[in-house]
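One structure is given below, encoded as structure tokens.
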2 protein chains.
Amino acid sequence: MALQAGGVSDDVARRLRERGIRPSVQRVAIARVALASHRHPSADEVWEQVKERLPMVSRATVYNTLNRLVEEGLLRSFASAQGHTVFDPNTAPHHHLVDDATGTIYDLPWEALAVDGVDALEGFEVRDFQVVLHGRPTRRSR
Amino acid sequence: MALQAGGVSDDVARRLRERGIRPSVQRVAIARVALASHRHPSADEVWEQVKERLPMVSRATVYNTLNRLVEEGLLRSFASAQGHTVFDPNTAPHHHLVDDATGTIYDLPWEALAVDGVDALEGFEVRDFQVVLHGRPTRRSR
DNA sequence: GCACTTTTTAGACCAAGTCTAAACATTGAG
DNA sequence: CTCAATGTTTAGACTTGGTCTAAAAAGTGC
Ligand SMILES: [Mn+2]
Ligand SMILES: [Mn+2]
Ligand SMILES: [Zn+2]
Ligand SMILES: [Zn+2]
């Protein structure tokens with residue numbers, strides 16, 4: 001398949017190439033969805049969205065590509081409260097608030113919370129951390 | 001089957017009865033393992049340990065009982081970093097440190113860390129929270 | 001155009017977890 | 001004590017998120 005000329009896709013293709021990932025049509029479509037998401041989608045949710053534009057894309061390609069993007073540092077993945085893997089295009093440190101009623105995961109900026117005592121922990125070498133909160137949004141924004 | 005006379009089982013049986021859970025032999029055996037664990041075992045890990053004493057116990061009974069213990073507040077459950085459900089007999093607030101190399105989850109006392117800013121969060125109603133750290137133990141204690 | 005490499009695909013496979021329906025155990029009314 | 005009703009356990013079927021496989025398709029370099 002021929003590459004498109006559009007701006008967004010080119011930008012995504014460039015980011016893939018920078019990491020040594022050949023930007024096939026499928027990979028660009030998957031990366032566009034996953035990297036632009038403001039949610040924390042599962043692989044199957046990404047697959048559903050990608051299929052709207054590229055109906056023949058296979059489930060294996062979506063899983064392989066998302067895992068590759070994680071390896072190359074363009075995405076992070078973690079297990080949701082329900083135990084399913086979700087992908088997070090925000091690779092900078094930040095906190096998470098989980099609405100257990102809906103499963104929605106909200107980002108909180110790193111600066112919104114201060115954690116004290118990590119450096120003083122005895123017996124552990126800490127590589128990174130985050131605060132995980134459970135609750136729900138009040139205003140119907142976000 | 002007849003109930004045993006031993007002290008630990010009686011204590012577990014009492015805790016089950018208090019919550020309206022009839023203390024069958026299977027449930028007492030499962031609860032003994034899960035409530036005494038200092039690790040954060042999965043259901044299948046509990047099953048393996050229970051089978052040493054009660055070889056005929058079924059997987060369904062282990063899952064049903066553990067879920068019942070969570071409902072009744074004697075256990076908590078959450079998804080591990082690998083996305084598998086684990087059970088935690090420590091129902092008081094505390095933090096968790098995950099060794100990603102081994103999957104081991106360590107408890108940190110609530111007082112070991114201070115989180116500031118939760119009350120000031122705009123747009124969210126927070127029910128509870130904890131700090132999740134990734135790292136590894138230094139000394140070979142614990 | 002042709003060999004070679006990389007990627008994608010459909011579907012098999014796997015493992016954690018749930019559900020089902022029958023067997024088994026316990027309870028208590030008579 | 002008997003036996004019917006109720007509660008519990010069981011084996012195994014089923015579901016689902018995720019991985020693996022082997023063949024087809026696409027891309028690359030000459
Ligand atoms: Mn799994
Ligand atoms: Mn699941
Ligand atoms: Zn996030
Ligand atoms: Zn714990």
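Not measured: the values here are computed from a predicted model. So you know, we letter chains A, B, ... as the sequences are listed, proteins then strands, and number each from 1.
Of the side-chain N and O atoms in B/R22, one or more sit less than 4.0 angstrom from OP1 or OP2 of D/dT8. Between B/Q26 and the phosphate of D/dT10, there is a side-chain N or O to OP1/OP2 separation shorter than 4.0 Å. Close to D/dT9, at under 4.0 Å from its OP1 or OP2, lies a side-chain N or O of B/S24. Distances shown here put every side-chain N or O of A/S42 at or beyond 4.0 Å from the OP1 or OP2 atom of D/dG17.
Checking B/D44 against A/G20, the closest nucleotide of DNA chain C that is more toward the 5' end is the one next to A/G20.
Taking atom CG of residue B/L69 and atom P of nucleotide D/dT8, one finds them 13 Å apart after rounding to whole Å. Taking atom CG of residue A/L16 and atom P of nucleotide C/dT6, one finds them 17 Å apart after rounding to whole Å. The interatomic distance linking A/M56 (CE) with D/dA24 (C1') rounds to 12 Å, in whole Å. Between the NZ atom of A/K51 and the C1' atom of C/dT8 there is a distance of 15 Å, rounded to whole Å. A straight line from CD1 of B/I21 to C1' of D/dT8 spans 13 Å, rounded to a whole angstrom. The CD atom of B/E45 sits 15 Å away from the C1' atom of C/dG17 (whole-angstrom rounding). Residue B/L66 contributes atom CG, which lies 16 Å from atom C1' of D/dT8 at whole-angstrom precision. The nearest whole Å value for the distance from the CD atom in B/Q82 to the P atom in C/dC14 is 21 Å.
Using a 4.0 Å cut-off between a side-chain N of Lys or Arg and a carboxylate O of Asp or Glu, A/E48 and A/K51 qualify as a salt bridge.
For B/D88 and B/H40, the side-chain atoms include at least one donor-acceptor pair closer than 3.5 Å. Judged purely by distance below 3.5 Å, without hydrogens or angles, the side chains of A/H95 and A/D107 never pair a donor atom with an acceptor atom.
Among residues two or more places apart in sequence or in another chain, the side-chain contact (heavy atoms from CB on, under 4.5 Å) test is passed with A/E125 by B/R136, B/T138.
Around the CZ atom of A/R19, the shell of radius 6.0 Å holds more than 12 heavy atoms that belong to other residues, nucleotides or ligands. Around atom CZ of A/R39, no more than 12 heavy atoms belonging to other residues, nucleotides or ligands sit under 6.0 Å away.
Looking at residues 58-65 of chain A, you'll see A/R59, A/A60, A/Y63 sit with a heavy atom under 4.0 Å from some atom of DNA chain D.
Using a 4.5 Å heavy-atom cutoff, the side chains of A/D128 and A/P93 are not in contact.
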